[in-house]
Protein chains: 2
Amino acid sequence: MKPKSVDTVEFAKAIADETRQKIMAICCCELLSVNDIVEKTNVAQPTVSHHLKILKTAGLVRSERRGKQVLYTLNQERMAEGCCQVAENFAPEHPVELVE
Amino acid sequence: MKPKSVDTVEFAKAIADETRQKIMAICCCELLSVNDIVEKTNVAQPTVSHHLKILKTAGLVRSERRGKQVLYTLNQERMAEGCCQVAENFAPEHPVELVE
DNA sequence: ATATTATATCGATGTTCTTCAATATGTCAA
DNA sequence: TTGACATATTGAAGAACATCGATATAATAT
């Protein structure tokens, strides 16, 4: 069974911004609050929330409320799926696959 | 020694457009003239040239002049490298690799 | 209830991007 | 060298996007 299909345009658009890639890198292996991300990026809080929403809509971050805070973390599995789908579509002769 | 590094923001921006992905899909495994691409996409010729330039600047297509025509083809190797670099940066716990 | 803290939404502004008509450049044939 | 064809560039218009101040919503504690 194939993994859930990925909209490669939406995927690419979601990651096609420097600020978003900063955010993605920061919360790649960590569960961080919005304020943590604001402090680590020097980007205004509404801007961070805006980018998190885009990433969330694309399925690239998970979030959970912890008291007053909302914690975000990158969804690495979806990231890997997106990358594999792009490669499958546009580099069929250079196959790329998930390693177990 | 690591392969040539990829600017993941430039890579993502280059592929983050529906028209460009159409063009990429069309000339993925073929060497096509600009006019071929125009006909297959129903996009105006200047628009196609514009997108080809963006892809070329990002290193994602190769081109060669054949008489009056200029033939383009997708650079699958660079595509695969871009995908792997994105995965390496943003899905380190779900490693993705090029298969030989 | 009220104050405090954390995040989301709204609204405005400036920037970047896509698109295409018009035009320029390049290539070849007669 | 003139004409025809193929592609690239220019310039302009509109759409999409990033950014942030102001404000709304949500959760908690006192």
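First the proteins, then the strands, lettered A, B, ... as listed; each starts at 1.
- Using a 4.5 Å cut-off on side-chain heavy atoms (C-beta onward), Cys28(A) and Met79(A) make no contact.
- Note: CD1 (Ile54(A)) to P (dT19(D)) measures 9 Å, nearest angstrom.
- Residues Cys83(A) and Val96(A) are not in side-chain contact: their nearest non-hydrogen atoms beyond the backbone lie 4.5 Å or more apart.
- Taking the side chain of Val70(B) as heavy atoms from C-beta on, and the options dT19(C), dC20(D), dT7(D), the nearest nucleotide is dT7(D).
- Distance from the side chain of Asp17(A) is smallest to dT19(D) among dT28(D), dT19(D), dA8(D).
- Distances shown here put a side-chain N or O of Tyr72(B) below 4.0 Å from the OP1 or OP2 atom of dA8(D).
- dT19(D) atom P lies 12 Å from atom CG of Leu52(A), rounded to whole Å.
- Taking a cutoff of 4.0 Å between a charged side-chain nitrogen and a carboxylate oxygen, Arg20(B) and Glu18(B) do not qualify as a salt bridge.
- If you measure from atom NE2 of His51(A) to atom C1' of dT19(D), you get 7 Å, rounded to the nearest angstrom.
- Summary of the strand contacts: Lys68(A) and Val48(A) both lie near DNA chain C, and taking for each the nucleotide with the nearest heavy atom, the more 5' one is attributed to Lys68(A).
- Minimum atom distance to the side chain of Ser49(A) is reached by dT9(C), of the listed dC5(D), dA18(D), dT9(C).
- Arg66(A) has its CZ atom 15 Å from the C1' atom of dA6(C), to the nearest Å.
- The residue His50(A) sits close to a base: some heavy atom pair falls under 4.0 Å.
- With dT7(C), dT4(C), dG21(D) as the choices, the nucleotide that has an atom nearest any side-chain atom of Pro46(A) turns out to be dG21(D).
- Side-chain N/O atoms of Gln45(A) and base N/O atoms of dA6(C) include no donor-acceptor pair closer than 3.5 Å.
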Q: For the pair Glu39(B) and Asn35(B), evaluate side chain to side chain donor-acceptor pair (under 3.5 Å) and give the outcome as yes or no after the intermediate values.
A: CA-CA 6 Å; Glu39(B) 284 166 13; Asn35(B) 249 326; 5.7 Å; no

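- Counting any heavy atom pair closer than 4.0 Å across all strands shown, Val43(B) reaches sugar-phosphate atoms only and no base atom.
- Distance CG (Leu32(B)) to C1' (dT7(D)): 15 Å, rounded to an integer number of Å.
- Side-chain N/O atoms of Thr19(A) include none lying less than 4.0 angstrom from OP1 or OP2 on dA18(D).
- For Gln69(B) and dC28(C), the CD to P distance is 11 Å, given to the nearest whole Å.
- Arg20(B) places its CZ atom 16 Å from the P atom of dT16(C), with the value rounded to the nearest Å.
- Relative to the side chain of Asn35(A), the nucleotides dA6(C), dC20(C), dT9(C) differ in distance, and dA6(C) lies closest.
- Taking the side chain as every heavy atom from C-beta outward, Leu98(B) and Pro95(A) never approach each other to under 4.5 Å.
- In this structure, Thr47(A) reaches the dC20(D) phosphate: one of its side-chain N or O atoms is under 4.0 Å from OP1 or OP2.
- In this structure, the NZ atom of Lys13(B) is 10 Å from the P atom of dT18(C), given to the nearest Å.
- Looking only at atom types and distance, the side chain of Gln21(B) has a donor-acceptor partner in the side chain of Thr8(A) under 3.5 Å away.
- Side-chain N/O atoms of Lys53(A) include none lying less than 4.0 angstrom from OP1 or OP2 on dA8(C).
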